[in-house]
Amino acid sequence: MTEGPQSTSKAMAKRPIVAVVDDDPAVCGSLKFALELEEFAVCTYHSGAELLRAGDLEGFNCFVVDQRMPGMTGMELIEVLRKRQLATPVILIISHPNAALSARAQKAAIPIVEKPLLGNALVEHIREACRA
């Protein structure tokens, strides 16, 4: 886990802060690297429970959440965030989403970006979310 949004430096505080939640350390590391190159401040978490223990979740501008994680799926994490009245935009990442998940995400206005994360689709969704 990296530092939470409340402990970012003043220089980083000017950049949108993105939380990446994925149980794969390689995915977390590569997304952190790529998004920091795009001028985002990034905090990584390896599970939904780890994110929920992080403290000030309102300090994030966007959450990027993997759907397939042990313990708590991405959609389950999003449900917990919404029950906590947290309206921060969320982007779901997944390999091969099924029709039921796609419909559920669409109904909740949650964009899905499919893995492998090729091109700029994820960055474009994050930029749009941070502008909202």
Side-chain angles (χ1 to χ4, degrees):
M1 178 184 84
T2 62
E3 297 176 347
Q6 66 278 7
S7 59
T8 57
S9 70
K10 287 184 181 181
M12 290 182 76
K14 294 180 182 180
R15 297 190 284 171
I17 304 171
V18 177
V20 173
V21 186
D22 196 305
D23 61 309
D24 185 338
V27 171
C28 283
S30 63
L31 282 178
K32 180 174 175 56
F33 178 78
L35 294 175
E36 286 176 345
L37 287 176
E38 296 289 335
E39 300 298 320
F40 295 103
V42 180
C43 299
T44 59
Y45 302 90
H46 299 290
S47 69
E50 186 179 355
L51 173 72
L52 294 172
R53 288 190 304 266
D56 179 23
L57 300 180
E58 292 180 8
F60 290 108
N61 299 97
C62 180
F63 296 100
V64 175
V65 179
D66 183 32
Q67 170 59 17
R68 294 189 180 113
M69 296 184 289
M72 180 185 301
T73 68
M75 287 301 291
E76 290 169 342
L77 173 59
I78 294 165
E79 288 173 11
V80 171
L81 294 173
R82 296 304 181 242
K83 284 179 184 173
R84 291 185 177 187
Q85 305 299 312
L86 199 65
T88 304
V90 180
I91 299 162
L92 196 65
I93 56 175
I94 185 173
S95 299
H96 312 294
N98 60 39
L101 176 68
S102 295
R104 188 173 162 202
Q106 183 177 18
K107 183 178 179 183
I110 299 167
I112 293 177
V113 177
E114 289 189 53
K115 292 178 179 179
L117 304 170
L118 304 173
N120 290 328
L122 181 60
V123 171
E124 290 170 12
H125 279 290
I126 293 171
R127 287 191 197 290
E128 182 178 322
C130 290
R131 282 192 293 266

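Given the structure is predicted, the values throughout are model-derived calculations rather than measurements. The figures that follow rest on heavy atoms only: side chains count, while hydrogens, waters and symmetry mates do not.
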Do His125 and Val64 come within less than 4.5 Å of each other through their side chains, counting heavy atoms only?
no

Residue pair Ser47 / Met69: nearest heavy atoms and the distance that separates them:
CA-SD, 4.4 Å

Side-chain contact, heavy-atom cut-off 4.5 Å: Leu52 with Arg84?
yes

Minimal heavy-atom distance between Cys130 and Asn61, with the atoms involved, is SG-CB, 3.7 Å

Side chains of Cys62 and Phe40 in contact at under 4.5 Å (non-hydrogen atoms)
no

Considering all heavy atoms, the nearest Ala105-Ile112 contact:
CB-CD1, 3.7 Å

At what distance, to the nearest 0.5 angstrom, does CD of Glu38 lie from CD of Glu124?
9.5 Å

To the nearest 0.5 Å, tell me how far Arg104 CZ sits from Asn98 CG.
10.0 Å

Do the non-hydrogen side-chain atoms of Leu86 and Glu58 ever get within less than 4.5 Å of each other?
yes

For the CD atom on Glu76, are there more than 12 heavy atoms of other groups (residues, nucleotides or ligands in this structure) within a distance under 6.0 Å?
yes

Would you check if the side chain of Gln67 reaches a backbone N or O of Met75 as a donor-acceptor pair within less than 3.5 Å?
yes

Step-by-step salt bridge (charged side-chain N to carboxylate O under 4.0 Å, His left out) determination, Arg15 to Glu36:
CA-CA 10 Å; Arg15 297 190 284 171; Glu36 286 176 345; 5.7 Å; no

Output for pair (Leu81 CG, Lys83 NZ), nearest 0.5 Å, gives 11.0 Å

Check Gly48 against Val21 and note the closest heavy-atom contact, atom names and distance.
N-CG1, 3.9 Å

Give me the atom names and distance for the closest heavy-atom approach of His96 to Glu114.
N-OE1, 4.0 Å

With Leu31 as partner, the option from Asp66, Val20, Asp22 fulfilling side-chain contact (heavy atoms from CB on, under 4.5 Å) is Val20

Taking C-beta and beyond as the side chain, do Ile78 and Thr73 meet within less than 4.5 Å on heavy atoms?
no

Here the pair of heavy atoms bringing Ile93 nearest to Lys115 is CD1-CE, 3.8 Å

Evaluate the side-chain proximity of Phe63 to Leu51: yes if any heavy-atom separation is below 4.5 Å, no if none is.
yes

Sub-4.5 Å side-chain heavy-atom contact between Val123 and Leu35:
yes

